[in-house]
Amino acid sequence: MSAVLFVLHVVILVLIWGLVLAAVIAVRHDVFGTRRPPAAAPPQPTARKQPLPPPKQPTAKTPASKSARTLVVTGGPLAGTTLPLTEQPITIGRADGSTLVISDDYVSSNHARLVPNGDAWVLEDLGSTNGTYLDRERVTAATQVPIGTPIRIGKTVLELRR
């Protein structure tokens, strides 16, 4: 009889500690987000390649007016907010260090990033839980953003404009 009670006590203790561990993991995930493994280094080329030419500067043939100059929030709680676009990437998320801070339960701490690439801008999802959408398509890889195309992050909709 005492052996049965001992086994029952051990089983109950294991279940309680399992519950505590699961709660700690859930809180840690909510506070710090998920960890992504570091990207593997690209394989070293065997043949020597020519260096890439520098990005083209705007000339008479390619006017600077073709590139986006502002990021406009068109929908959501921050509607009407505009950010000037510079040479710096724009980070979007709930974290205080983001360029555009969105307080939304559907937005991750470090949700997405817009990176300049010559006259264009590239959208990257940073491993967000609920995804980043470019004109109803979920962004799974770095994607060039056409001017005027809606970007949806949580309940917020953004657009690049001239």
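Numbering starts at 1 and runs along the sequence shown. Keep in mind it's a predicted model, so treat the numbers as computed, not measured.
A pairwise comparison of heavy atoms in Q144 and L134 identifies O-CD2, 3.8 Å as the closest pair. Nearest heavy-atom pair across I147 and S67 is CD1-C, 4.0 Å. Closest of all the heavy-atom pairs between T99 and P89 is OG1-O, 4.1 Å. Here the closest heavy-atom approach between residue E159 and residue P150 is recorded as CG-CA, 4.1 Å. Closest approach of D125 and S128 over heavy atoms only: OD1-OG, 2.6 Å. A pairwise comparison of heavy atoms in I102 and I153 identifies CD1-CG2, 4.5 Å as the closest pair.
The distance from atom CZ of R152 to atom CD of E137, rounded to the nearest 0.5 Å, is 11.5 Å. With values rounded to the nearest 0.5 angstrom, R94 atom CZ is found 8.5 Å from S103 atom OG. How far CD1 of I151 is from OG1 of T74: 9.5 Å, rounded to the nearest 0.5 Å.
Residue pairs meeting the salt bridge (Lys or Arg N to Asp or Glu O under 4.0 Å) criterion with at least one partner in residues 102-118, sequence neighbours excluded, are R113-E124.
Grouping the Ile, Leu, Val, Met, Phe, Trp and Tyr side chains by contacts below 4.5 angstrom, directly or via other members, places L15 with V7. In this structure, I12 is not a member of the same hydrophobic cluster as V4, with clusters built from ILVMFWY side-chain heavy atoms closer than 4.5 Å. Taken together through direct or relayed side-chain contacts under 4.5 Å among Ile, Leu, Val, Met, Phe, Trp and Tyr, L83 and L158 form part of one hydrophobic cluster. L13 and L21 are members of different hydrophobic clusters when ILVMFWY side chains are connected at heavy-atom separations under 4.5 Å.
Annotation: side chain of V107 is not in contact with side chain of T156 (no heavy-atom distance under 4.5 Å). By the 4.5 Å heavy-atom criterion applied to side chains, S98 and T91 are counted as neighbours. Using a 4.5 Å cut-off on side-chain heavy atoms (C-beta onward), L71 and L160 make contact. Here the side chains of L126 and H111 are not in contact, with every heavy-atom distance at 4.5 Å or above.
Between the S109 side chain and the A95 main chain, no donor and acceptor come within less than 3.5 Å of each other. One N or O on the side chain of T86 and one on the backbone of Q88 form a donor-acceptor pair closer than 3.5 Å.
Within 6.0 Å of OH on Y106 lie no more than 12 heavy atoms contributed by other residues, nucleotides or ligands.
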#### Entry: Check against side chain to side chain contact (heavy atoms under 4.5 Å, CB included), L100 and L78
CA-CA 10 Å; L100 180 60; L78 298 175; 4.1 Å; yes

### Message
Working note: L85 + L114, criterion side chain to side chain contact (heavy atoms under 4.5 Å, CB included); need CA distance, chi angles, decisive distance, verdict.
### Response
CA-CA 10 Å; L85 298 176; L114 278 167; 5.6 Å; no

